Amino acid sequence: MFEGEQQLIESKIREFCVKDDIPIAELKWSPIPFSGEWGISTSFFATAALEARAGKKIQVPPRAQEIAEQAKAAIGRVNGISRIEAVKGYLNLYFSTSEYARRVVDEALAAGPDFGRGAPKHERIMVEYCQPNLPHSFHIGHHRNTVLGEALARIVEFAGFDTIRASYPGDIGLGVITILWAYEKFHKGQEPQGIHERGQWLLKIYAEATAMLEPKENETSEEKARREAYDGERREMYKKWDAGDPYVRSLWLMAREWGLDELRDILRILDVKMDVWFFESEVDEPSKKIVEELIAKGIADDERPSGGAVIVKIDEKLGLKKEKYRTNVILRSDGTSLYLTKDLALAKVKFEQYQVDRSIYVVDVRQSMHLQQAFAILKLWGFPQAEKCYHLGYGFVSLPEGAMSARRGRVVLFKDVMDEAVRRVLAVESEKGPDIPEAERQRVAEEIGLGALAYSMLSVDNNKDIVFDINEALSFDGHTGPYIQNAHVRANSILKKANSQPVQPAAFNYELTAHEIELIEQISRFPGKVQQAADEYRPLVMASYAYDLANAFHSFYHAVPVLQAEKEEIRGARLRLVAATKQTIANALRLLDIKAPEVM
RNA sequence: GCCCCUGUAGCUCAAUGGAUAGAGCACCUGCCUUCUAAGCAGUUGGUUGUGGGUUCGAAUCCCGCCAGGGGCGCCA
């Protein structure tokens, strides 16, 4: 936020280095640690090391300190910088607190919901996430995926990228057909009431059907015959679907719609608005044409004449000596397409129809190899955007008793966890927030319950697995979503009580407490954090920041009186600071797909 | 066999190659007649799996090893 001062000082340092014939290394700036004051810091170790490598007989640390001292002298006085110190090879610049406090607070309040928004990047990013199989109920693994993808989409959009959100549900495949088969055979005509109940019922049918179709130990010959007959019926149904059989297609469309109804409602709850829906069934045909093209171009090898499949020897085509991407099949010997085939077709649509410059795939880390293969084939195929395809892999969510499995019916459903979250919040709320109107109570409980759940997914780096523990996920104390939401509520509470006094621009020309300085520093960091989170494709950066900001506010709140401040100017300034904090917390939470309630 | 990820406080996790490795939970001690105690302040807790290397400086980069997880041509 203070690039002007930073650049001025940088140019002064460079000037001095040129004059004294010192080979300056890149200057990296960071906040000053342990100071309790507010400013920025850089060091001269890299520069001293350059000299040492050039043959000067020096010790790096003392030389760095020497340069820092000389730089300090060369800079002299700078407007807005209260003092400069050279210590241990670092150059620390302390800001004039009142001026910077005013600037930070004014900027946050003037920009409001746009505070922290980055300049337009003139680059289009598509984020693909939310790829559940239909009709399957949405479990907590899907929730991690969707929250991660949505937070990323919000972050890159706010950072200045033209952003497209894309969902890619699996609406066809043997799993989907299995449900149709079991429905037709055992449950025809049934339909539970309620979107979620109906979806969960389909999941149950799926688990039942899978159990019937799996070989058992000590199977009698009758059981085996029956199982094989069932499997035959199922595969027959898949063939009919493939051939466009009207009855099977209508059955499929009905079940698919049931699954979509449930998914759409979950996305409504999660406040996710998809821009594009890609369906697996829609890229099936186009993907087969692509296979022909790849064969014609010599990228794919057709082994069907000898009874094989169509494959791509990726390493060989790329000219790699060591095996990296290996070889993979893009068309089965029976002519049907595969996951990889469909992803190639989908990428083509993303590049050509949607003109995306970067394509991010938020997909389980276990599919890393497949996506790397897809990107490599896209490169062979001649798409320059393949370089900017990025797999944001995330560790899978498992249960203390092991991996989740829809086929076995061993899943923790998002809706169940959410309902439990709301119950728990309501229980706490009846004691903590007795003044909340009944009409608002339910909504606030949802916002807090969902906030706790989302934050528990976002506060762990994406490459780490999560063993889901409902008590941890729904904790409301400490490093959690509700902790951050509570800071927002407390800020709001102060502002509400002060509403007789309009919040006017204020000078911070009194001696600021350490808590105020820390809080102002945190606010000033927000725009930079937005860019960092976007550059690194890491919502965790924003999640950690939101906690730090809330933490600074809670400490301030406890130690520094606002409404009871000793002087009217101080009260006015602190009210401005509280308002700026509230705005910044709200903006940060919004990027994490977490609501910022006014009361709780 | 090859490839990828992970290993940091009792537990769950942070930490653009930089100053003193930080939080939360749990444990213990204080703080509600004062802007919401879903909070604050403090105590306790570390050979960053291990052995080398690079560097002025390594939890971070490189190599070996150990442990756990995942993946590897007709599943998605």
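Residue numbers start from 1 in every chain, and the chains themselves are labelled A, B, ... in the order their sequence lines are given, proteins ahead of strands. Predicted, not measured: the structure shown is a model, and the values here were computed from it.
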query = Taking only Watson-Crick and G-U wobble pairs with both distances under 3.5 Å, what dot-bracket line describes RNA chain B, where [ ] shows pairs that cross earlier ones and | shows pairs with another strand?
reply = (((((((..((((....[...))))..((((.......))))......(((((..]....))))))))))))....
I need the [atom1]-[atom2] distance between [X] and [N], as an integer number of Å.
X      : N      : atom1 : atom2 : answer
A:Q564 : B:rU33 : CD    : P     : 15 Å
A:D315 : B:rC3  : CG    : P     : 12 Å
A:F396 : B:rG71 : CZ    : C1'   : 11 Å
A:H391 : B:rG70 : NE2   : C1'   : 12 Å
A:Q531 : B:rU16 : CD    : P     : 17 Å
A:K313 : B:rC74 : NZ    : C1'   : 15 Å

For nucleotides 11-14 of chain B, which of its nitrogen or oxygen atoms have a protein nitrogen or oxygen under 3.5 Å away, and what is each distance?
residue: B:rA14; atom: OP1; partner: A:D461; partner atom: N; Å: 2.5
residue: B:rA14; atom: OP2; partner: A:K464; partner atom: NZ; Å: 2.4

inquiry  = Is A:F45 stacked against the base of B:rG18, taking the criterion as centroid distance under 5.5 angstrom and interplanar angle under 30°?
reply    = yes
request  = Please examine the side chains of A:F44 and A:R63, heavy atoms only from C-beta on, and report whether any two atoms are closer than 4.5 Å.
outcome  = no
query = What about A:N92: does its side chain form a donor-acceptor pair under 3.5 Å with the base of B:rA19?
reply = yes
query = Is A:S41 side chain donor-acceptor paired with the B:rA19 base, going by distance under 3.5 Å alone?
reply = yes
request  = May I ask you to say what A:Y339 touches in the nucleic acid, namely base, sugar-phosphate or nothing, with a heavy-atom cut-off under 4.0 Å?
outcome  = base
key: Ring-ring centroid check A:Y557 A:H515, cutoff 6.0 Å   = no
inquiry  = Can you confirm if the aromatic rings of A:Y361 and A:Y168 lie within a centre distance of less than 6.0 Å?
reply    = no
request  = Answer yes or no: is there a donor N or O on one side and an acceptor on the other, between the side chain of A:R332 and the main chain of A:S337, under 3.5 Å?
outcome  = yes
